[in-house]
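Notes follow once the structure below has been shown.
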Amino acid sequence: MKLITTIYTAIGLILVMLCIVTVGYIHQTRKVKNSIEDVLYTSSVIREGERAQKLILDLETGLRGYLLTGQHAFLEPYHRGKTEFEVSMRKLDSLTESYPEQNALVHGIKNDADVWLNSFAAPLLKSKARERLSAVDKAQYDSLFNNTVQLGIGKSLMDKARGRFDKIRDQEERIKEDRLKGLNASLIRTNEIAVGLTLLSIIAGGFMAYLLGKTIKRRFKRMNELAHSIAQGDYSVSLEDKRNDEISSLTKSLNVMAAKLQNSFTHLTKMNKELDQFAYVVSHDLKAPLRAINNLAEWIGEDLQTQDPDIIKNLSILRGRVHRMENLINGILAYSRVGRQSLPSTRFSVQDLLKETLENLAPPASFEIKTLTPLPTLTGERTLFYQVLSNLLSNAFKYHHTQNGRIEIQAKELPGLYQFEIKDDGPGIPKEYQTKVFGIFQTMEARDVKESTGVGLSIVKKIVEEKGGQIWIESEKGQGTTFVFTWPKAQVTNQTTTSYYHDGAKA
């Protein structure tokens, strides 16, 4: 299975779990909503029943006030209550339509109220209205009043209706309480389901992410180990990956790269050996005839026994050219070996190395050499650093325009490296030549004026850059020259040349 397919599958499963959570939450929310509607319905029934009871009380109060005083003002709440009571009973009938037991009680209340209105209240109101017309009418009213009101017939009817209202209220209160309990249970169950499903989704998603991440991490770790082995120079390593996904493709590419690097390294090693052999042969085969030419020139000079200045000059030039050619061969060989052979890494004092370098170069006594700052102790290839110092100091002596010169040497500590400066008070180097002087065979003056191969500074630049440093020139014409180069505090590689060379002589 492709890696991207596996990732999509894992994400899809997590999304499915989230959908299940959402659906479950919606389902429980609907149940909660229904429970809330049931509670509100029960509250509506109770509230409407209480309103109807109040209207019954208004009917009784209005009737009683009129019968006691005979004033029609007391009938206002009676008539208003009668109208509103009918509306309220229709609403109660509608609310309890789905509940037969409650609906039967509502119909019973309606019947009780109709009986009270038609058989009790209406006759009394009619008789009370005729009471003042005649003694017979008053006697009839008194008889009716005594036989109904005094006997409590109206109160009995209304008490019966009130009893039915109490039953409705009690039943609805019990229903409301049960529904509130159900609502609370639904809320708790909703929270439990939501939390449970969410935790389940988190656990499932985390587990899948862990498995996927662990698998990918393990495979990338193996590839990292392969890359590290390659970086350490071991190109024979390879990985086996049969999953046939994107990482497998990357693994195959790494294996191919390692194999190609191994082939290239093998070929390069072979070519280096051949190049070293070639350098040895060239050095030997070129130097042998040069030495022969030099010997012949000396013999010719001895055999001629002449004082002719032209002949003596020409023979001197011939021997000089032979010497220059030998130095040039040595310089080319030294330059070609930089970075290709191994030297041991040691801990050495730059101060002591400078002293040794000056002793070997033997500068004129008229030169003043000053160390402006303490020079550090380094870990690395001592021979290479000696070669850098030797070439730079040799140039400072050789190209100085006077017999008396001053050279200043100092070092600065920077993060991870040291910066060295070798400053002279010579003629200086124009800016347009400051880059060119590091090129091989480049010289500031004609070789007939200053004997030089033009290889020394190019070797210095190559060594410094091989070690991870930089070198540059700070100079103005007629104001001296400062060679500045950086050198790492510690080096981990030993890949460099075994020979060292400075312009004009081999140390």
Heavy-atom pair with the smallest gap, counting every atom of Leu392 and Leu457: CD2-CD2, 3.8 Å

Please walk me through it: do Tyr386 and Asn360 pass side chain to side chain contact (heavy atoms under 4.5 Å, CB included)? CA-CA 11 Å; Tyr386 171 85; Asn360 291 334; 2.9 Å; yes

Do Pro363 and Phe397 have side-chain heavy atoms sitting under 4.5 Å apart? yes

Please verify the inter-ring angle class for Phe485 with Trp487; under 30° counts as parallel, over 60° as perpendicular, anything in between as tilted. perpendicular

Can a salt bridge be assigned to the pair Arg51 and Glu48 using a cut-off of 4.0 Å between side-chain N and carboxylate O? yes

Do Arg174 and Gln171 have side chains that approach each other closer than 4.5 Å (heavy atoms only, starting at C-beta)? yes

Specify the closest pair of heavy atoms between Ala411 and Pro374, including all atoms of both residues, with the distance to one decimal. CB-O, 4.3 Å

Could you tell me whether the side chain of Phe420 reaches within less than 4.5 Å of the side chain of Val350, counting heavy atoms only? yes

Is any side-chain heavy atom of Thr435 closer than 4.5 Å to one of Trp472? no

For Gln470, does the CD atom have more than 12 heavy-atom neighbours from other residues, nucleotides or ligands under 6.0 Å away? no

Spatial distance of atom CG (Asp425) from atom OG1 (Thr402) [nearest 0.5 Å]: 6.5 Å

Exercise: identify the closest heavy-atom pair between Leu361 and Ser394: CD1-N, 4.0 Å

Once you round to the nearest 0.5 Å, how far does CD of Glu474 lie from OG1 of Thr482? 6.0 Å

Heavy atoms only: give me the nearest Lys477-Pro430 pair and the separation to one decimal. CD-CG, 4.1 Å

Out of curiosity, Leu358 CG to Leu354 CG, how far, rounded to the nearest 0.5 Å? 4.5 Å

Heavy-atom pair with the smallest gap, counting every atom of Ser345 and Thr379: OG-CG2, 3.9 Å

In this structure, CD1 of Ile463 is separated from CG of Leu384 (nearest 0.5 Å) by 5.0 Å

Can Lys412 be said to sit on top of Tyr418's aromatic six-ring, NZ or CZ under 6.0 Å from centre and within 45° of the ring axis? no

Strictly by modelled atom types, are Arg382 and Thr346 linked by a side-chain donor-acceptor pair under 3.5 Å? no

Exercise: do Tyr399 and Asp424 side chains pair donor with acceptor under 3.5 Å: no

Treating Thr486 as the side-chain partner and Gly469 as the backbone partner, does any N or O pair qualify as donor plus acceptor under 3.5 Å? no

Which residues pass the ring pair (Phe, Tyr, Trp, His ring centres under 6.0 Å) test with Phe348, not counting sequence neighbours? Phe385

Should Glu413 and Gln419 count as side-chain neighbours, where that means a heavy-atom distance under 4.5 Å? no

How many angstroms lie between CG in Leu389 and OG1 in Thr357, if you round to the nearest 0.5 Å? 5.0 Å

Please say whether more than 12 non-hydrogen atoms of neighbouring residues, nucleotides or ligands are located less than 6.0 Å from CD in Glu173. yes

Val464 versus Val388: any side-chain heavy-atom pair under 4.5 Å? yes

What's the spacing between Ile459 CD1 and Glu466 CD if we round to 0.5 Å? 12.5 Å

Can you give each donor-acceptor pair under 3.5 Å made by side-chain atoms of residues 403-410, sequence neighbours left out, with the distance rounded to 0.1 Å?
{"unit_1": "Arg406", "atom_1": "NE", "unit_2": "Glu408", "atom_2": "OE2", "d": "2.9"}
{"unit_1": "Arg406", "atom_1": "NH1", "unit_2": "Glu368", "atom_2": "OE1", "d": "3.0"}
{"unit_1": "Arg406", "atom_1": "NH1", "unit_2": "Glu368", "atom_2": "OE2", "d": "2.9"}
{"unit_1": "Arg406", "atom_1": "NH2", "unit_2": "Glu408", "atom_2": "OE2", "d": "3.3"}
{"unit_1": "Gln410", "atom_1": "NE2", "unit_2": "Glu421", "atom_2": "OE1", "d": "3.0"}

May I ask you to test the Glu476-Thr481 pair for a side-chain heavy-atom distance under 4.5 Å? no

Closest approach of Ala396 and Phe367, non-hydrogen atoms and distance? O-CE2, 4.4 Å

